[in-house]
Amino acid sequence: MCGIAGILSSDIDLSSQKPLLAKMSDTLKMRGPDSAGEYVSKNTALLHRRLAVIDVENGSQPMYFGNYIIVYNGELYNTDEIRHELESLGHTFSTHCDTEVVLKAYVQWKEESVKKLNGIFAYAIYNKKENSLFAARDRIGVKPFFYSQKKNMFAFASRIKTLLCVPNIRAVVDEDGLNEIFMLGPAKTIGKAIFKDIAELPPACFLIYKENRLNIFPYWTLNASENKESVSDAVEHTYHLVKDSIERQLVSDVPLATFLSGGLDSSIISKLASDVYKSNGDVLNTYSVDYVDNDKYFQKSLFQPNKDSDYIDLISTAIGSNHHNIVLENTKVADALELAAKARGVPGFADVDSSLLLFCGEVKKDFTVCLSGECADEIFGGYPWYHRKEILFEDCFPWSRSTDVRKSILKDGFLPHGDEYARNAYLTTVKRTSYLDTDSKLEKRMREMFVLNLDWFMQTLLVRKDVMSMESSLEVRVPFCDYRLVEYAYNMPWEIKALDGREKGILRKAFENDLPPEITWRKKSPYPKTHNPVYFKRVCELAKKAISDNSTPLPEMLHLPSVYSMMENPDSLQEPWYGQLMRVPQILAYIYQIYVWIKDNDVEFEL
């Protein structure tokens with residue numbers, strides 16, 4: 001993986017802006033610590049920071065071919081197929097990296113080329129002859145691409161912080177941005193980046209910038225289609241799609257490991273990866289995360305019925321992996337909230353972010369690439385809100401069913417249109433759902449839930465995984481985000497997807513012969529969080545710092561008695577702020593991350 005950035009401007013002589021370009025490149029250093037490259041002319045600059053994974057010696061960027069120059073961030077999983085097709089058309093290759101394949105595919109097929117790519121990517125290709133830019137992002141949105149258009153300038157980058165280096169791109173937030181933070185966060189609307197001056201290229205879209213005009217086009221969408229497979233056919237189809245996706249993503253010229261939580265999804269990935277390694281005479285390394293004294297303080301709940309630690313040794317022994325359990329100190333998880341917020345560029349997922357940041361830092365000491373099990377729950381119906389009818393048919397975001405707890409911490413009258421903003425975000429998403437005329441009420445709602453999860457909950461997790469891993473210069477791949485799997489799962493009848501009435505029933509059935517039964521039929525448990533009171537104590541200290549510092553407007557936005565009440569009554573919250581993992585300790589951590597974000601970016605507010 002890498003970090004990319006660029007500027008096209010008819011008003012600035014970029015060849016004389018070396019300090020600016022160096023500053024932008026430096027913000028991307030953690031995404032690409034191995035090398036830096038640039039292309040600079042009078043009105044164009046392309047920047048690249050490289051984390052070398054494939055063809056370490058020959059894959060430097062920017063990469064050139066004729067009038068075309070590419071900066072690319074990602075991994076392509078059908079590189080060989082596209083390369084062979086291009087070779088049959090007369091193209092030759094001097095590297096075996098996917099960057100050259102993406103570039104020459106564009107030269108051959110232009111905008112249609114992106115439809116051929118299976119992978120996780122964000123890239124930009126500059127045409128020197130036409131002075132135009134083509135940029136694209138993968139279908140699911142695994143890799144980031146932010147941009148800003150100001151008069152006669154267009155700038156793009158892998159990070160928000162990189163764009164804020166550019167003159168005239170300001171850290172200004174209006175009421176819509178604050179609604180994103182307080183009424184929807186840590187999720188955000190696809191295409192938005194909180195700041196007024198910055199936007200996000202949506203997943204499954206490409207853009208063309210030419211003659212100071214920007215146009216954005218979708219190249220893929222989820223469409224409803226009929227699936228008449230039998231259960232046995234669906235089991236086989238699911239097995240082979242998942243297996244193919246995982247095996248494609250094991251390609252690496254540098255050390256590779258997997259994350260192993262003891263849950264179904266990471267166990268499937270680790271089992272299949274271990275099989276491949278054994279066939280080559282190697283042993284797979286696996287990693288899990290836990291917290292000091294977490295067994296002592298673990299609290300069973302509907303969303304988290306059991307501890308991962310009870311199952312990790314079982315699956316690691318079964319597959320024969322060399323397992324590493326990373327145990328994090330609770331105060332360090334709290335203190336890392338600051339770096340996590342700065343890395344994300346916007347307020348984030350509290351300790352769900354900071355713990356992953358620390359975890360990835362430990363894994364990076366020995367490995368550069370990992371595979372992780374994110375997104376199986378979204379596409380195969382793993383969450384409780386898919387299965388609890390009283391939640392399923394509520395006309396709202398299932399992970400944030402009420403804005404009451406959000407409004408309770410806000411000063412009276414602040415963000416008066418917040419409910420309407422959140423409601424419109426929900427309705428706009430539901431309207432994008434594709435149905436069949438024959439869909440039952442249940443099937444229709446399940447399609448809506450699929451789209452809601454894909455566009456919101458899953459995006460939050462993907463941003464978290466990308467940012468926190470890349471801040472540690474660790475590439476993390478997500479096999480369940482293969483768009484072929486997403487398309488297939490979208491059109492799988494619910495009675496098959498939830499086979500035997502179980503969450504991810506079809507996935508369990510498909511891999512029941514590969515895993516110990518205790519793993520196959522284990523009830524879903526989310527990413528582990530700390531339950532240690534040491535963490536809560538430290539978070540309270542940080543939150544108090546945030547709400548007592550009048551150098552920011554944050555204290556004027558909040559209803560401070562409610563915030564203090566949360567500190568005094570951490571178990572009082574009935575409805576979580578966001579999903580399964582954000583309760584009182586995480587709300588306080590989120591408030592602190594808002595504070596860090598304001599200070600770090602000198603945020604200005606327009607209300």
Side-chain angles (χ1 to χ4, degrees), residues 1-4 30-35 48-61 63 72-83 93 95-102 117-123 138 140 142-143 158 242-260 265-266 268-287 319-324 359-375 462 465-466 468-482:
M1 298 299 169
C2 306
I4 63 174
M30 295 306 291
R31 295 190 69 91
D34 295 332
S35 64
H48 188 266
R49 300 294 305 228
R50 187 181 185 210
L51 178 65
V53 172
I54 302 293
D55 200 354
V56 174
E57 294 182 357
N58 301 309
S60 297
Q61 297 185 47
M63 187 174 287
Y72 168 77
N73 167 32
E75 294 291 347
L76 203 61
Y77 303 128
N78 61 340
T79 301
D80 289 344
E81 293 96 321
I82 299 175
R83 181 188 286 116
F93 292 85
T95 75
H96 69 267
C97 68
D98 49 354
T99 306
E100 186 178 8
V101 172
V102 173
L117 309 183
N118 180 4
I120 53 178
F121 53 78
Y123 62 91
D138 66 77
I140 311 302
V142 179
K143 293 286 107 181
S158 299
V242 171
K243 184 173 186 287
D244 184 64
S245 177
I246 293 168
E247 290 180 349
R248 285 175 181 268
Q249 298 192 27
L250 292 173
V251 177
S252 175
D253 292 338
V254 296
L256 179 149
T258 68
F259 292 171
L260 180 60
D265 315 326
S266 66
I268 290 171
I269 292 172
S270 297
K271 161 61 176 169
L272 295 182
S274 180
D275 287 348
V276 171
Y277 270 57
K278 286 178 181 177
S279 69
N280 295 322
D282 295 326
V283 175
L284 177 73
N285 282 268
T286 54
Y287 282 82
I319 67 175
S321 71
N322 180 26
H323 188 70
H324 314 261
F359 176 52
C360 288
E362 292 299 313
V363 176
K364 174 61 182 178
K365 292 177 180 179
D366 295 301
F367 291 89
T368 299
V369 180
C370 281
L371 269 62
S372 180
E374 266 85 1
C375 305
L462 290 176
K465 183 54 61 72
D466 173 80
M468 299 307 136
S469 61
M470 293 306 296
E471 186 66 17
S472 303
S473 304
L474 179 72
E475 173 184 319
V476 178
R477 301 171 180 174
V478 278
F480 285 103
C481 283
D482 189 309

Euclidean distance, D466 CG relative to N73 CG, rounded to 0.5 Å: 7.0 Å
Those residues that, when tested against R248, pass salt bridge (Lys or Arg N to Asp or Glu O under 4.0 Å) (two or more places apart): E81, D244
Heavy-atom pair of closest approach, residues C2 and R31: O-NE, 3.1 Å
Under the side chain to side chain contact (heavy atoms under 4.5 Å, CB included) test, residues paired with P33 that sit two or more places apart: L51, S473
Worked check of side chain to side chain contact (heavy atoms under 4.5 Å, CB included) between K143 and I4: CA-CA 11 Å; K143 293 286 107 181; I4 63 174; over 6 Å; no
Pairs involving residues 270-283, ordered by first then second residue, that meet salt bridge (Lys or Arg N to Asp or Glu O under 4.0 Å) (sequence neighbours left out): K271-D275
Pairing residues for D482 by the salt bridge (Lys or Arg N to Asp or Glu O under 4.0 Å) criterion, not counting sequence neighbours: R484
Heavy-atom check, side chain of V476 versus side chain of F259, under 4.5 Å: yes
Polar side-chain atom of S279 near backbone of V276 as donor-acceptor pair, under 3.5 Å: yes
Non-neighbouring partners of H324 that pass side chain to side chain donor-acceptor pair (under 3.5 Å), sequence neighbours left out: N285
All side chain to side chain contact (heavy atoms under 4.5 Å, CB included) counterparts of T99, not counting sequence neighbours: Q61, M63, I70, Y72, C97
Results of side chain to side chain donor-acceptor pair (under 3.5 Å) for T286 - residues two or more places apart only: S321, H323
Nearest non-hydrogen partners of D138 and G119, listed with the distance: CB-O, 3.5 Å
Side-chain heavy atoms of L371 within contact of L256, under 4.5 Å: yes
By side chain to side chain donor-acceptor pair (under 3.5 Å) - contacts of S158 (at least two apart): none
Nearest atoms (heavy-atom pairs only) where C481 meets I140: O-CG1, 3.1 Å
Salt bridge (Lys or Arg N to Asp or Glu O under 4.0 Å) against D34, all qualifying residues, sequence neighbours excluded: none
Atom pair CD1 (I246) and CD1 (I268), whose distance is rounded to the nearest 0.5 Å: 7.0 Å
Heavy-atom closest pair, residues D98 and E75: OD2-CA, 3.3 Å
Nearest heavy-atom neighbours spanning E100 and F93: OE2-CA, 3.3 Å
Where S274 and L284 come nearest, the two heavy atoms and their spacing: N-CD2, 3.7 Å
With sequence neighbours excluded, residues passing side chain to side chain donor-acceptor pair (under 3.5 Å) with S372: E374, K465
Any pair counted as salt bridge (Lys or Arg N to Asp or Glu O under 4.0 Å), so long as it reaches residues 364-373, sequence neighbours left out: E362-K365
Heavy-atom check, side chain of D265 versus side chain of F480, under 4.5 Å: yes
Residue list, ring pair (Phe, Tyr, Trp, His ring centres under 6.0 Å) with Y277, at least two apart or on another chain: none
Distance (rounded to the nearest 0.5 Å) between L474 CG and C360 SG: 5.0 Å
Side chain proximity check, Q249 to I269, heavy atoms < 4.5 angstrom: no
From OG (S35) to CZ (R50), nearest 0.5 Å: 5.5 Å
Side chain to side chain contact (heavy atoms under 4.5 Å, CB included) assessment of Y77 paired with I120: CA-CA 8 Å; Y77 303 128; I120 53 178; 3.5 Å; yes
